[in-house]
Structure formats: structure tokens, C-alpha cells
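Report on the following structure.
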Amino acid sequence: MNLNPSRGDLIRSQNYVSGRWLDAHDGATFEVCNPADLSRITAVPDSGARDAEAAIEAAQAAFAGWRATPAKARGQLLKRWHALILANQEDLGRLVSLEQGKPLAEGQGEVLYAASYVEWFAEEASRIEGDLIAPAVPGRRMMTVREPVGVVAVITPWNFPAAMIARKIAPALAAGCTLVAKPAEDTPLTSLALIRLAEEAGVPAGVINIVCASREQTPALVDVWLADARVRKISFTGSTPVGKHLARASADTLKKLSLELGGNAPFIVFDDADLDAAVDGLMVSKFRNGGQTCVCPNRIYVQDKVFDSFADKLVARVAALQVGPATDPKAQIGPMINARAVEKILHHIDDAVARGGRVLTGGQRVHPELGPNYVAPTVLADAGQDALLCHEETFGPVAPLFRFRSEEDVIRQANDTPFGLAGYFYSENVSRIWRVADALETGIVGINEGAVASEAAPFGGVKESGYGREGSKYGLDDYMHIKYLCQGNLR
Ligand SMILES: O=CCCC(=O)O
């Protein structure tokens with residue numbers, strides 16, 4: 001099966017700045033490869049400081065006009081973009097799978113997920129409202145209006161190359177912001193294809209600007225955005241260390257920040273749970289995108305009494321997962337994104353085994369004849385709480401099971417992490433459901449549910465998983481500020 005899009009113009013190998021497709025200022029490029037077999041797909045610009053600067057200038061120049069465009073008209077443009085994304089779903093889905101590696105069905109599903117944010121914010125654009133406030137003294141009228149923050153820098157990860165950029169660009173445009181964007185170096189092509197469709201939808205020149213950069217070149221590019229006072233906001237999805245760096249480095253210009261950072265999600269199975277439902281939920285949440293998802297369960301706590309039967313059911317399902325490239329229609333788990341990701345996953349497995357863990361299934365690389373990035377879906381049991389995979393996001397198809405005795409105990413363990421993005425638990429006891437939902441220190445809680453993401457829901461974390469919310473009726477707030485108007489001397 002060929003993963004190349006049938007519409008050739010959707011594979012772009014240039015930046016898009018001020019409505020023009022351009023090479024990097026110095027002509028530098030880097031290669032984008034298929035993680036399934038490391039074959040070269042194309043090369044894209046390896047942009048630097050001058051390209052970053054040009055993108056800001058374009059976004060700043062377009063801001064006044066875009067902000068003045070009625071919200072309804074901005075929404076209509078987003079609707080046209082949404083329609084084009086749906087019309088090209090198959091091509092975009094193939095492109096996601098080609099550069100990111102996820103199975104075809106997941107690539108197609110991701111495009112729908114991305115489109116759902118565009119549609120949501122197309123509609124939210126018409127609901128940008130202010131308030132009339134009861135004045136505290138006579139003769140005054142007090143009100144609020146909401147204004148776009150200005151130029152936004154959007155920095156996206158490789159694990160959802162369509163959805164993550166869509167759920168940042170759509171609210172930014174709906175709010176009246178213009179933007180400069182940098183897609184992940186592993187997966188720039190889907191983002192470029194989406195921008196090509198936004199251009200086709202009629203988004204004016206300069207409103208969206210996107211520049212690509214390699215891992216080595218990214219700091220030089222992003223530093224320009226961090227230092228420039230015209231960039232009023234950064235929206236970033238990625239690791240906690242990088243999020244902290246962005247917060248520190250943008251402090252001098254006090255930018256507004258949305259940081260969707262690392263997770264270390266607990267998944268708790270109480271002994272009053274429906275075990276089959278819990279296994280279903282874990283399969284969906286843990287093995288989506290091969291475990292390379294920030295809301296994937298990282299630590300699975302199972303109550304003593306049901307531990308063995310849960311483990312048996314889970315192992316049967318995990319051992320049956322098909323691993324392979326997206327060109328194989330039977331594949332359910334694709335390659336990991338790159339060699340560094342594979343090394344980390346294998347290191348976590350080895351470390352867990354060194355700390356008393358048992359491999360119940362998987363535990364090693366597979367299909368070396370296809371490529372070096374395939375890891376067998378793995379279930380581990382009984383590693384110590386000091387194992388690395390208790391403290392760091394593994395970001396791979398590894399499900400470590402830990403026994404617990406009491407609710408109190410498991411809540412303490414679940415919250416014993418600096419991260420707080422998602423948490424999940426399964427129980428049929430209504431009182432426990434509300435107790436545990438309240439006690440989990442996470443921004444998202446799945447209660448008897450493993451698939452929590454939705455454009456209608458606020459996505460984001462607490463603690464060192466970041467701040468800000470994406471999607472939902474709250475999602476526009478990150479791209480707007482509130483201005484208070486006070487009229488005095490009313491007669
Ligand atoms: O990995 C980050 C985002 C995942 C999601 O939107 O469900």
C-alpha cells in the first residue's frame with residue numbers, strides 16, 4: 001500500500017510565510033523520514049533566526065486586519081478549512097501514518113479528531129462575548145470586552161501531527177490572533193499540508209506562518225520568538241523540561257503561556273470494577289498511538305484481590321496485538337517515532353526487571369527485518385515503586401502493573417508524582433467514584449472510561465503537566481484577554 005497522498009500538492013517542502021511558500025533564508029534543509037523503515041520522504045527547510053523574524057513580521061503585519069475581521073467571518077473561514085480537511089481526510093491520514101508511523105485507521109481517525117477542533121472553534125468564534133457589570137457607584141457603566149492577545153507562537157509535538165496543530169491554530173484564528181508555528185522536526189509534513197488547505201480555504205496572507213527546523217536548529221529559531229515582544233503568547237505541547245525553559249525564557253516579555261506538558265497517568269482498577277470493561281478501557285488508553293500519547297496510562301494499579309485475573313485478561317489481549325508498518329492493514333501498533341524513543345522504552349523495561357519486575361508478555365524489540373523502531377507490546381508486573389517507569393513517562397507500548405491493598409494507599413501512590421495530566425479508574429461503587437475523582441490530582445479523570453479526549457472537553461493538566469486548556473468553551477480564553485471598560489459621568 002502506498003502512503004503518499006494522491007493530491008501531490010499536499011506534500012510541501014517549504015515554509016509558508018506571508019502567504020508565500022519559501023525555502024529557508026540560507027537554503028538549508030533537513031530530511032523527513034518514515035519511522036517504519038527510515039526511508040526518506042522529502043526534505044524541508046532548516047530555518048533559522050532570519051526565518052523566525054520574517055514569520056513574526058508577517059504575523060504582526062496581518063494582525064490588525066485579522067482582528068478587525070468580524071468573528072462570524074473568521075468562523076466561516078474556519079468552516080471552509082474544516083470542509084477541506086474532511087474532503088482530504090484520506091490523503092491527510094496517509095500522510096500522518098507515513099511520517100508518524102501510526103496505523104492507517106488511527107491516522108484517518110486523527111484527521112477527524114483534528115477537524116473536530118476546527119469545527120468547534122469555527123462555531124465558538126460567534127460566541128466571543130463580554131459582560132455588563134453592576135456598577136458599585138452611581139453614574140457609571142462598567143463592562144468587559146474580550147480581545148485577541150496578538151501574535152501567537154505555536155510549537156507542536158510529533159505524536160499527533162494533525163490534531164495538536166489544529167487545536168492550537170483553530171482557537172487562535174477564531175479569537176482573532178495571527179500566528180507563527182513550528183511543527184515537530186519528526187513530523188512537519190502533515191502540518192504543512194493542513195496549512196496548504198488553510199491557504200486554499202482563503203485564510204489571508206500572514207495570518208498563519210509556519211517554519212520548519214531540525215532539532216539542532218530549533219533553539220536558534222524559537223529563541224527569536226521568545227525574545228520578541230511582538231509575540232504575545234506561546235502555545236506549546238511537549239515535554240516538561242522544554243515547557244519550563246519556555247516559561248523562563250519568555251519571562252522578560254511576560255508572554256501568556258499555554259503549556260500542555262508531560263504526564264504520568266495512573267490507571268486504577270478497584271476490586272469492585274467491571275474487569276472486562278477495565279481491560280477494554282486500558283487497551284484503548286494505553287495502546288492508542290503505540291502508547292505515545294501524553295494521556296496514556298503510565299502506571300496501572302490493580303487491587304490485590306483481582307490482580308491475577310485482570311493480568312490474565314490483559315496479557316491475552318496485549319499478546320494478540322499486531323505490530324507492523326501502516327502499510328500493513330492488520331497493524332494495530334506501528335513503529336516508535338525514532339531510535340531515542342526505542343532506547344528509552346527498552347531502558348524502562350530493563351530497569352523495571354532489575355527492580356524485581358516480571359515480563360508477562362513482550363519486553364523486547366520485534367520485526368528487526370522491517371526496521372529498528374518496533375517494540376513488542378509489553379505487560380510487566382510487580383516492579384518496585386522506585387522503577388523509572390513509575391516516575392517518568394515511558395511513551396511506548398508498555399503496561400506496568402502494580403498491586404495495591406486499599407483505596408487510601410492507591411490514591412497516595414497515584415498522586416506521588418510531580419505530573420498531573422490524566423488519571424483513570426474503574427469502580428462500580430458510586431461513593432468511591434466521587435471520592436476518588438475528587439482525590440486524583442490531575443486535570444482530566446476518566447471514570448470507567450479510557451477514551452477521554454473530545455473537542456468539547458477542556459484538555460490540560462495541573463502541577464508540572466502545565467497550564468491552560470485546549471478545546472471546549474474554555475479553549476478560547478487562552479488566546480484572549482479581558483479588557484474592562486468604565487464609562488463615568490453618566491447623565
Ligand atoms: O498527546 C497528547 C494529546 C492526546 C489527545 O489529544 O488525546
Side-chain angles (χ1 to χ4, degrees), residues 1-6 11 31-42 89-113 157-163 184 186-187 189-190 279-280 282-293 296-297 313-349 359-380 394-400 450-451:
M1 181 185 304
N2 181 2
L3 294 179
N4 282 306
S6 59
I11 294 230
E31 296 201 335
V32 184
C33 296
N34 180 345
D37 56 8
L38 309 188
S39 59
R40 178 185 187 276
I41 305 170
T42 186
Q89 181 198 350
E90 221 171 280
D91 269 353
L92 290 168
R94 279 208 287 261
L95 200 44
V96 169
S97 295
L98 179 67
E99 66 173 346
Q100 199 274 333
K102 64 185 60 168
L104 263 188
E106 283 196 48
Q108 299 289 327
E110 186 187 332
V111 175
L112 291 184
Y113 184 43
W158 50 263
N159 60 345
F160 289 89
D186 289 303
T187 57
L189 301 180
T190 307
V279 172
D280 286 345
L282 185 60
M283 293 302 293
V284 168
S285 57
K286 175 72 245 184
F287 293 100
R288 171 178 175 224
N289 197 19
Q292 303 173 109
T293 302
C296 273
K313 285 172 190 281
L314 181 67
V315 167
R317 293 280 294 278
V318 173
L321 285 172
Q322 300 286 313
V323 180
T327 44
D328 175 355
K330 293 196 294 303
Q332 295 164 292
I333 304 281
M336 300 296 100
I337 190 70
N338 55 34
R340 273 182 300 121
V342 174
E343 272 158 32
K344 181 175 187 190
I345 295 162
L346 297 177
H347 179 52
H348 276 197
I349 295 172
V359 176
L360 302 186
T361 184
Q364 75 287 320
R365 230 183 262 262
V366 282
H367 298 319
E369 74 288 359
L370 297 175
N373 290 341
Y374 295 93
V375 175
T378 298
V379 181
L380 301 167
T394 304
F395 235 58
V398 181

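Annotation: the span from Lys313 atom NZ to Leu282 atom CG amounts to 13.5 Å, rounded to 0.5 Å. Summarising the geometry, atom OG1 belonging to Thr378 is positioned 10.5 Å from atom CG belonging to Leu321; distances are rounded to the nearest 0.5 Å. To the nearest 0.5 Å, the span separating CD on Glu106 from OG1 on Thr293 amounts to 7.5 Å.
Nearest approach of Gln108 to Glu90, heavy atoms of both residues: NE2-O, 3.2 Å. The two atoms that bring Lys286 and Cys296 nearest to each other are O-SG, 3.5 Å, heavy atoms only. The minimum heavy-atom distance linking Ala326 with Gly101 is given by the pair CB-O, 4.3 Å. Shown here for Val366 and Val375, the closest heavy-atom pair between the two residues is CG2-C, 3.9 Å. Across Trp158 and Ala184, no two heavy atoms sit closer than the pair N-CB, 3.4 Å. The minimum heavy-atom distance linking Asn159 with Glu110 is given by the pair O-OE1, 4.2 Å.
Applying the salt bridge (Lys or Arg N to Asp or Glu O under 4.0 Å) criterion to Arg317, with sequence neighbours excluded, gives Asp280. Evaluation of the salt bridge (Lys or Arg N to Asp or Glu O under 4.0 Å) rule for Glu343 yields no partner, not counting sequence neighbours. Taking the side-chain hydrogen bond (donor to acceptor under 3.5 Å, both in side chains) definition, one finds that Gln292 meets it with nothing, sequence neighbours left out.
Looking at Glu99, its side chain does come within 3.5 Å of a backbone N or O of Leu189 through a donor-acceptor pair.
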